[in-house]
Amino acid sequence: MKAGYYVGNFEYEVRDIPDRDPKSDEVKIRVAWCGLCGTDIHKFQGKNGASVVIPPIILGHECSGIVTAVGPKCKYFKVGDRVACDPSWGCGKCIWCQRGLPNFCLERHGVAKGFSEYVYPPEKNVYHIADSLDLESAAFTEPLSCAIHGLDLLNIKSGKTIAMYGMGAIGSLMLQLIRFTGAAKIIVIERDKAKRELALDLGATVAVTDQEIEEIAKEENIDYVVECIGLKATMEQAIQIAGKNAKVLLFGLGDPEEPISFNQFEAYTKELSIFTSYLNPLCSDRAVRLLESGLIDTKKIVSARLTLEEMGKELKTLEYAKKGKVLVSVSGEH
Ligand SMILES: [Zn+2]
Ligand SMILES: [Zn+2]
């Protein structure tokens, strides 16, 4: 089978490797689509993603597909099932798994590597999808589940003002989730004009630049700020514009070499709460349900559908990743 590898040193390669039969409770999935995640780009650039990276590794983890075989202990899936996949799985036994926080599992296993023709997750990480949901949209299960976990942490009350930074792929999903929180006002901060228009299209009340938000923050109390970019400047500004008693979620993946700074005294006088969010513990089922409901528009977010081979150029230039979500068409089935 073909698989797209990050081989180190800013190089990507499609290699031919043997596929195999599923073991135990594994489900063998023929990957239809796999999203390119910001963490894949981080890995390709020699920074770590959610965990330490030692190349060569197969990239990708946001995949959907069709079951082609099941392991002998598999109970809930059969050949032909259409599925989405939660790419990383806890051991189920360690203290963090026992606490219901598999994102901190001491032996976090696997990660289904979606830039390949087949993946073999255990069935507890595989989710049935309704016939009405196309496999391309189902590939948004993992990024959407991460956004769901992040927003859960904020425990948003209705009737509030929420500001959100960044209309990249993850911001575009986050905005649509925010729309369902009963916010009185949703302000999107985004430099790119086309993306500001997309924000209005997807339910923002207003879409402004990072200069304009400073003026707005002087006039009104911003109750929640969600940062979906991960740049030092925007993360710092997100904390600055937050109002009294506000909650700030730093969702964008920041550069480990560039810690941010903020005035803790100012934060104290505002009684700020600052949150970060790590992975997607037990949120995949809700992501699938939301995608099936049709309430989340994925089509407007996709900027390109590329082959495994075309990803080499894309990882270097980020031509389409800058504009929205890049999907790898592995089998390309719907
Ligand atoms: Zn991801
Ligand atoms: Zn564990």
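In listed order, ligands and their atoms are each counted from 1.
- Each of Y12, Y6, F115 was scored for a ring pair (Phe, Tyr, Trp, His ring centres under 6.0 Å) with F44, with one residue passing: Y6.
- With the Zn ion (ligand 1) as the vertex, NE2 (H61) and OE1 (E142) define an angle of 90°, rounded to 10°.
- Here F77 and H128 bring their ring centres to under 6.0 angstrom of each other.
- More than 12 heavy atoms of other residues, nucleotides or ligands shown are found within 6.0 angstrom of NZ on K299.
- Taking a 6.0 Å sphere around OH of Y76, one finds it holds 12 or fewer heavy atoms contributed by other residues, nucleotides or ligands.
- The SG atom of C105, the Zn ion (ligand 2) and the SG atom of C97 define an angle of 110° (nearest 10 degrees).
- Each of V188, T181, D223 was scored for a side-chain contact (heavy atoms from CB on, under 4.5 Å) with I162, with one residue passing: T181.
- For a distance bound of 2.8 Å, the N, O or S atoms of C146 include none lying that close to the Zn ion (ligand 1).
- Nearest to the Zn ion (ligand 1), among the N, O or S atoms that E62 has, is OE2.
- D40 lies apart from the Zn ion (ligand 1) in this respect, since none of its N, O or S atoms is found at a distance under 2.8 Å.
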